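Protein chains get the first letters and strands the later ones, always in sequence-line order, with residue 1 at the start of each. Since the model is a prediction, treat every value here as computed from it, not as a measurement.
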Amino acid sequence: MRLTCPLCGDRDRREFHYYGSDAYLDRPAEGAAPAAWDDYLHNRDNPAGLTKDLWYHEQGCAQWLVVTRNTVTHEVSAVELVAGRAGA
Amino acid sequence: MPELIAKEAWQGQAAVTRAGLVLAPLQDRPIWSVALFPGGADGAATALESLGLGFPEPNRWVSAAEVRLVWTGRAQAFLMGAEPPAGLAGHAAVTDQSGGWAGVSLSGPAGPEALARLVPVDLRPGSFPAGAAIRAPVNHMSAVILRTGPETVEVWVFRSMARTLWHELTEVLARFEARATVAG
Ligand SMILES: [Zn+2]
């Protein structure tokens, strides 16, 4: 598996650390209902198809990335920096 | 105050030549991390003009005489070989990394083939040309790798990993030489 980092270019999977769903980017606001925290921390879909995950380019530019990939075909269709996103 | 003695990272280390490749320690030098504040690019560019340097694009390094500015991450570069110019600190987080990094140079036509045993990035001149500088692993060590000549690259790692880097590279050269000998 290879990922094309927006900064570093096409790189081997060993350079990256997998974190989990990109849902971690949407942290509930202070005082949010317990159900929102439950969703944020625990509840994940398990899609057959497109999924978005957070990866960290720890052996490269040290940037957090949102990777869009297809769990059926294994195609990686997008790799985007978390930095610079609205609210990031 | 205790008297601390400054030691070169490679003190006493001689260069090694094997299989037509020369592995040489590089002298310590001033190294400053320049991490741009949001919106600080223009101000930093103005301050860096006094060194004759522009902020490098990703995966590139620029130089003026012995002074370099090497891309090391998003909106970050290492200033090597000089003290930061006045006025830079207002536009970027400027931190002294001198003594924190140790570098070697590897010279010879087969350098990219030798490094391919440790670095999962194509370092041949076609894809790693003059002016290239990348962040990449050397085995498990996080490194800064620069092309500094048609047949020369530099590898910089945390100084605490200097002996490990030397060990790994000399091992590669020994095996590379053995393979060349067998192949005739
Ligand atoms: Zn990267």
Does [X], at its [atom1] atom, have more than 12 non-hydrogen atoms belonging to other residues, nucleotides or ligands within less than 6.0 Å?
| X | atom1 | result |
| --- | --- | --- |
| A/Tyr19 | OH | no |
| B/Glu8 | CD | yes |
| A/Asn70 | CG | yes |

Taking all heavy atoms of A/Glu15 and all of B/Pro120, pick out the closest pair and write down the distance. OE2-CG, 3.7 Å
Check B/Arg74 against A/Leu81 and note the closest heavy-atom contact, atom names and distance. CD-CD1, 4.2 Å
Indicate if B/Val138 and B/Trp61 have the same hydrophobic cluster label, given that clusters are the connected sets of ILVMFWY residues with side-chain heavy-atom separations under 4.5 angstrom. yes
In chain order, what residues pass the side chain to side chain contact (heavy atoms under 4.5 Å, CB included) check against B/Ala41, with sequence neighbours excluded? B/Leu36
To the nearest 0.5 Å, what is the distance between [atom1] ([X]) and [atom2] ([Y])?
| X | Y | atom1 | atom2 | result |
| --- | --- | --- | --- | --- |
| A/Glu58 | B/Arg135 | CD | CZ | 12.0 Å |
| B/Ile134 | A/Leu7 | CD1 | CG | 13.0 Å |
| A/Gln63 | B/Gln76 | CD | CD | 9.5 Å |

Report the option among A/Pro6, A/Ala62, A/Cys8 that has the most heavy-atom pairs separated by less than 4.5 Å from atoms of chain B. A/Cys8
